[in-house]
Amino acid sequence: MRASAAYAHGVVGDYIFLEPLITQDPAPANEFDVLGPSWVKSSTGNSYSISSSVEKVLWIDDEYMPRFSIGGGSFWQHQSPYHGPNFDGFGGLTMFAKWAFFYSKKHEFLASIGAQIQLPIGNTHIQASSHTSLGPTFLWEKGMGDLPNWPVLKYLRPLGVQTDFGYVPALGGPTHHHMFADAVIEYSLPYLSNNVQDIGLKWPLRNMFLFNEFNYDQVITGPSGQTFPTILATPGLAYVSYHFEVALGTQFALNNAAKPGTHAAILGLLDIFYDSFFPKWGNWTINRGFGE
C-alpha cells in the first residue's frame, strides 16, 4: 500500500478513523459520500433525505500526511407532515475548507481548523436559512494506541475519539447563528486484531467499528433570545475496507427539546475512497502533482 493512498483516509499513526454519520471528520481526505440516506419520524410527520458530498486533498506534506482539503455537498429531502401539504426539494449547498495544522503519529492525534459556507440555493421550505452563512470550524481526533499494553488496559487501545465544533452566522438578513458540536467514540476491531491481540475475528467482523455519536445543534436567532438546543445520541456500526465504508445508525433524544423531533430515526452512509480506484488523479495535489 503506497503511503500517499494510505494516509488519505483518516490514518494517524496506526489508527484508521472512520467517517462518522454526522460528526465532521477532522482529517483531510479523498472521499465521495455517495449516499447518505436517512428517515426521521417526529411529532409532526416524517422526513426522508438523501445527502451527498465530495472532498479533495490539495496538499500533502513530506511525510505524506494530507494537510489541506476542500469539499462540498447538499441533500434532497421529502417532508411528509401529518397535517398539511408535502414538501420536497434540495437543501442549500455547503462548501468547506480544512487545514490539519497539527498532528502526532506517535500519539495518534490530529487537529484541524476550517471554514464553512452555506449557500441558500435550495428549496425555501427545506433549507434552514434564506441567507448565506459563513463561519469557522474546529476539529480534532485522538486514538488511544499510546496507552500501555498491559493486561485488560490494552483492550482500551482500539478506542478513538473524533470531535467538531462550528459557529456559522448568517451574513445578511435576520440574524441567524447556527452552532453545533459533535463527538464520536469508536472502537476499532481492525485495530484490536492488528495492533493489540488477534482474537480470531473473521470477515466481516474484522473490519467493523462500533461507535456512538453525541450531537448538539442549536440555532440562535436574534440578540434577545435563542432556541433550545437539540442533543442526540447516534449509535451505530460501520464496515471499513480499503476502498469504501458502509455505516448504519439510529438516533435517541437526550434532552426534552430533542424528543418531539426524534421519535424514531435510521441513518446510513456509503463512502467511497475514490483515490483507491483512481490513484493517479485521485491522489493529485498542488505541491506533488499526480500520484503514481
Side-chain angles (χ1 to χ4, degrees), residues 20-24 32-54 71-96 116-135 166-182 213-236 247-271:
L21 290 174
I22 297 175
T23 306
Q24 296 182 20
F32 179 25
D33 290 350
V34 182
L35 188 66
S38 70
W39 165 72
V40 178
K41 179 180 180 181
S42 69
S43 60
T44 58
N46 293 273
S47 66
Y48 312 86
S49 65
I50 298 175
S51 64
S52 183
S53 65
V54 64
S74 187
F75 65 93
W76 178 90
Q77 186 176 80
H78 174 80
Q79 296 181 359
S80 179
Y82 297 135
H83 305 287
N86 296 342
F87 297 103
D88 56 58
F90 285 94
L93 174 65
T94 299
M95 297 186 294
F96 64 88
Q116 180 173 300
I117 184 170
Q118 298 171 347
L119 303 176
I121 61 175
N123 189 320
T124 55
H125 295 290
I126 302 298
Q127 60 192 10
S129 175
S130 58
H131 297 275
T132 298
S133 299
L134 174 66
Y167 185 72
V168 187
L171 299 181
T175 305
H176 177 98
H177 302 290
H178 180 207
M179 186 163 61
F180 60 88
D182 305 283
E213 297 190 42
F214 297 95
N215 311 113
Y216 158 86
D217 194 272
Q218 189 167 11
V219 175
I220 303 172
T221 307
S224 60
Q226 60 184 27
T227 64
F228 291 106
T230 297
I231 304 176
L232 302 167
T234 308
L248 185 67
T250 186
Q251 286 190 315
F252 301 98
L254 295 182
N255 67 336
N256 289 332
K259 288 180 180 179
T262 317
H263 286 185
I266 298 175
L267 294 81
L269 175 67
L270 172 59
D271 186 14

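Along the sequence shown, residues carry numbers from 1. Heavy-atom basis, side chains included; hydrogens, waters and symmetry copies ignored. These numbers were taken from a predicted model, which means no experiment stands behind them.
- The side chain to side chain donor-acceptor pair (under 3.5 Å) test applied to K259 returns N256, not counting sequence neighbours.
- Evaluation of the side chain to side chain contact (heavy atoms under 4.5 Å, CB included) rule for D217 yields H178, F180 as partners, not counting sequence neighbours.
- Every ring-ring contact (aromatic ring centres under 6.0 Å, His included) that Y167 has, sequence neighbours left out, goes to H177.
- Heavy atoms only, all atoms of each residue included: L21 and A247 are closest at CD2-CB, 3.9 Å.
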Only distances under 3.5 Å count here; give the side-chain donor-acceptor pairs of residues 71-79 to other protein atoms, sequence neighbours excluded, each with its distance to 0.1 Å.
from: S74; atom 1: OG; to: G91; atom 2: O; distance (Å): 3.2
from: S74; atom 1: OG; to: G92; atom 2: O; distance (Å): 3.1
from: Q77; atom 1: OE1; to: Q79; atom 2: NE2; distance (Å): 2.7

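- For A265, the side chain to side chain contact (heavy atoms under 4.5 Å, CB included) test picks out V40, Q251, T262, L267, with sequence neighbours left out.
- Atom NE2 in H263 sits 8.0 Å away from atom NZ in K41 (nearest 0.5 Å).
- How far CG of L93 is from CD1 of I117: 9.0 Å, rounded to the nearest 0.5 Å.
- The side chain to side chain contact (heavy atoms under 4.5 Å, CB included) search around N123 returns H125, I126, not counting sequence neighbours.
- Qualifying side chain to side chain donor-acceptor pair (under 3.5 Å) partners for N215, counting only residues two or more places apart in sequence or in other chains: D182, E213, T234.
- Remark: I50 CD1 to F90 CZ distance equals 9.0 Å, nearest 0.5 Å.
- Residues P81 and N86 come closest through the heavy atom pair CD-OD1, 3.6 Å.
- Counting only heavy atoms from C-beta outward, the side chains of N46 and Y82 approach each other to under 4.5 Å.
- Partners of I231 according to the side chain to side chain contact (heavy atoms under 4.5 Å, CB included) rule, which considers only residues two or more places apart in sequence or in another chain, are Y216, L254, N255.
- Annotation: side chain to side chain donor-acceptor pair (under 3.5 Å) contacts of S133 (sequence neighbours excluded): none.
- Annotation: the span from D271 atom CG to D33 atom CG amounts to 4.0 Å, rounded to 0.5 Å.
- Remark: T44 pairs with S42 by the side chain to side chain donor-acceptor pair (under 3.5 Å) rule, at least two apart or across chains.
- F32 approaches S52 most closely through the heavy-atom pair CE1-OG, 3.4 Å.
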